[in-house]
Amino acid sequence: MDYKGYTVYENNTGIEIEGVRDFDLMHIFDCGQSFRWLKQHDGSYMGVVGDKVSRVKFENEKLHISNSNFDDFINIWYDYFDLGTDYGEIKKTLCSKDDVMAQAIPFGQGIRLLRQDIWELLISFIISANNRIPRIMKSVETLSQSFGSKISTEEGEFYTFPSPEALSSCPINEIDICKAGFRCKYISQTSKMVRNGVVDLDTLKNMETDKARGELIKLSGVGPKVADCILLFSGTKFDVFPTDVWIKRILEVLYFKREATLKEIDQFSKKHFGSLAGYAQQYLFFFARETRIR
DNA sequence: CTGCAGGCCGGCG
DNA sequence: CGCCGGCCTGCA
């Protein structure tokens with residue numbers, strides 16, 4: 001099957017997509033945008049997207065996705081992996097902006113911004129505050145095992161991410177088992193707020209970026225950084241610039257040449273990178289982590 | 001034993 | 001408003 005520039009083959013193990021460029025699974029899954037893809041010994045990744053469990057492999061511009069057919073490619077994966085965006089063009093534009101980007105981009109040449117479920121991201125990034133990535137992954141997994149739906153496969157049992165209804169209806173002391181500490185009460189409160197329609201996650205895409213950010217910040221445990229992560233990694237807004245300690249440090253070292261406030265960084269990113277701020281953030285974040293700049 | 005991690009909240013000046 | 005202390009938990 002040919003679909004929007006890609007050739008897709010289907011067999012009994014899944015689908016294979018040819019002609020995938022600017023794509024590297026490690027860059028995609030190890031740049032902090034997703035917490036539910038686990039690297040396997042053979043270099044592939046296993047993950048749960050919605051109620052689907054799949055294994056993905058990539059080599060020689062060919063992307064293999066298990067447990068999937070043509071319809072899944074069109075309805076799920078094409079959008080999920082942002083295959084409709086020309087990252088070659090984005091990288092070219094960003095490289096021409098300044099020497100820092102030209103230096104950073106080759107480190108994460110295969111980065112893609114995943115379009116993930118915004119509800120799952122909301123809870124995942126509430127957990128991320130002042131936390132470490134391995135612990136965030138454990139908490140998300142425990143929440144899924146405890147309150148999600150079981151998916152039995154030949155490769156083991158997996159769990160969907162729990163719905164707003166499931167999380168909002170369980171008492172706070174049950175949320176505590178995910179070991180997210182003080183963030184558990186944020187999870188509980190935010191679940192109730194979403195269920196009650198205080199914030200409608202589906203309408204954020206139609207708002208101006210600042211308005212959408214303001215809506216998310218109404219939720220418990222969501223500040224500016226977490227809000228920007230949610231907007232960016234759900235594919236809702238791309239002109240945001242989530243500034244965590246790594247991004248702050250790398251901008252201070254490579255751009256400002258001095259200490260800078262979060263407000264200064266926010267203003268700089270919007271002025272300098274404009275509509276590509278979110279993409280620039282990902283390349284800089286990966287570069288910062290890889291080179292351990294401090 | 002201290003220090004600290006992909007920030008946020010709440011209280012204070 | 002802007003600033004700053006405290007914070008679950010677990011690992012170094």
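Convention: sequence-line order gives letters A, B, ...; per-chain numbering from 1.
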**Message:** Between B:dT2 and C:dG6, how many Å separate the two P atoms, rounded to a whole number?
**Reply:** 15 Å
**Prompt:** Below 6.0 angstrom between ring centroids: does that apply to A:Phe125 and A:Phe233?
**Reply:** yes
**Request:** Given side chain to side chain donor-acceptor pair (under 3.5 Å), test A:Glu18 with A:Thr7 step by step and report yes or no.
**Result:** CA-CA 5 Å; A:Glu18 287 190 353; A:Thr7 303; 5.0 Å; no
**Prompt:** With distance as the sole test, does A:Arg21 use its side chain to make a donor-acceptor pair with the main-chain N or O of A:Glu61 at under 3.5 Å?
**Reply:** no
**Request:** Name every residue in residues 260-277 of chain A that has at least one heavy atom under 4.0 Å from any atom of DNA chain B, in order of residue number, or write none if there are no such residues.
**Result:** none
Report, one line per pair, each donor and acceptor closer than 3.5 Å where one atom sits in a side chain of residues 81-88 of chain A; sequence neighbours left out.
| from | atom 1 | to | atom 2 | distance (Å) |
| --- | --- | --- | --- | --- |
| A:Asp82 | OD1 | A:Thr85 | OG1 | 2.9 |
| A:Asp82 | OD1 | A:Arg115 | NE | 3.1 |
| A:Asp82 | OD1 | A:Arg115 | NH2 | 3.0 |
| A:Asp82 | OD2 | A:Thr85 | OG1 | 3.3 |
| A:Asp82 | OD2 | A:Tyr87 | OH | 2.5 |
| A:Asp86 | OD1 | A:Gly88 | N | 3.0 |
| A:Asp86 | OD1 | A:Glu89 | N | 3.1 |
| A:Tyr87 | OH | A:Leu113 | N | 2.9 |

**Spacing of A:Ile247 atom CD1 relative to B:dA5 atom C1', expressed in whole Å** = 16 Å
**Prompt:** Looking only at N and O atoms, is any donor in the side chain of A:Lys225 or the base of B:dG6 less than 3.5 Å from an acceptor on the other one?
**Reply:** yes
**Message:** Hydrophobic clusters here meaning ILVMFWY residues chained together by side-chain heavy-atom distances under 4.5 Å, can you tell me if A:Val222 and A:Val245 are in one?
**Reply:** yes
Look for any protein N or O under 3.5 Å of an N or O in nucleotides 6-9 of chain C and output each such pair with its distance, or none.
| from | atom 1 | to | atom 2 | distance (Å) |
| --- | --- | --- | --- | --- |
| C:dC8 | O4' | A:Phe182 | N | 3.1 |
| C:dC8 | O2 | A:Arg183 | NH1 | 2.9 |
| C:dC8 | N3 | A:Arg183 | NH2 | 3.2 |
| C:dT9 | O4' | A:Arg135 | NH2 | 3.4 |
| C:dT9 | O2 | A:Arg135 | NH1 | 2.9 |

**Asked** Between A:Lys138 and A:Glu141, is there a side-chain N and carboxylate O pair less than 4.0 Å apart?
**Response** no
**Prompt:** Between A:Phe273 and A:Tyr279, does a ring pair (Phe, Tyr, Trp, His ring centres under 6.0 Å) hold up when you go through it step by step?
**Reply:** CA-CA 9 Å; A:Phe273 299 118; A:Tyr279 298 95; over 10 Å; no
**Request:** Looking only at non-hydrogen atoms, find the nearest pair between A:Ser68 and A:Asp72 and report the distance.
**Result:** CA-OD2, 3.3 Å
**Complete:** Exactly one of A:Leu122, A:Ile123, A:Ile126 clears side chain to side chain contact (heavy atoms under 4.5 Å, CB included) with A:Ser191, and that residue is A:Ile123
**Prompt:** Any side-chain heavy-atom pair from A:Leu204 and A:Leu201 closer than 4.5 angstrom?
**Reply:** yes
**Request:** Could you tell me the separation between the CH2 atom of A:Trp246 and the P atom of B:dA5, rounded to a whole number of Å?
**Result:** 9 Å
**Item:** A:Phe70 reachable from A:Tyr80 in the ILVMFWY side-chain graph, under 4.5 Å edges
**Value:** yes
**Request:** Specify the residue among A:Phe285 and A:Leu219 whose closest nucleotide of DNA chain B lies further upstream toward the 5′ end.
**Result:** A:Phe285
**Asked** Starting at CZ of A:Arg289 and ending at P of B:dA5, how long is that distance when rounded to a whole Å?
**Response** 11 Å
**Message:** Between A:Lys270 and A:Asp239 (salt bridge meaning N to carboxylate O under 4.0 Å), is one present in this structure?
**Reply:** no
**Request:** Sticking with atom P, work out how far C:dG5 lies from B:dG3, rounded to a whole angstrom.
**Result:** 14 Å
**Asked** Are A:Phe285 and A:Phe268 connected, step by step, through hydrophobic side chains (Ile, Leu, Val, Met, Phe, Trp, Tyr) whose heavy atoms are closer than 4.5 Å?
**Response** yes
Find every protein N or O atom lying less than 3.5 Å from an N or O atom of nucleotides 2-4 of chain B, and list the pairs.
| from | atom 1 | to | atom 2 | distance (Å) |
| --- | --- | --- | --- | --- |
| B:dC4 | O2 | A:Arg132 | NH2 | 3.2 |

**Shortest non-hydrogen contact between A:Glu259 and A:Glu264, atoms and distance** = O-OE1, 4.3 Å
**B:dG11 versus C:dC8 - spacing of their P atoms, nearest Å** = 15 Å
**Request:** Quick one: the dot-bracket string of DNA chain C, using Watson-Crick and G-U wobble pairs with both distances under 3.5 Å, [ ] for crossing pairs and | for bases paired to another strand.
**Result:** |||||||.||||
**Message:** Among residues 104-126 of chain A, which ones have heavy-atom contacts with DNA chain C below 4.0 Å?
**Reply:** none
**Message:** Base, sugar-phosphate or nothing for A:Pro224? Non-hydrogen atoms, less than 4.0 Å.
**Reply:** sugar-phosphate
**Request:** Would you indicate what A:Gly32 reaches in the nucleic acid, counting non-hydrogen atoms under 4.0 angstrom: base, sugar-phosphate, or nothing?
**Result:** base
**Test of ring centre spacing under 6.0 Å for A:Phe286 and A:His27** = yes
**Message:** Between A:Lys257 and A:Glu252 (salt bridge meaning N to carboxylate O under 4.0 Å), is one present in this structure?
**Reply:** no
**Asked** What is the distance from NZ of A:Lys138 to C1' of B:dG6, rounded to the nearest Å?
**Response** 17 Å
**Message:** Students often get this wrong, so: under 4.0 angstrom with heavy atoms, is A:Cys229 touching a base, only sugar-phosphate, or nothing?
**Reply:** base
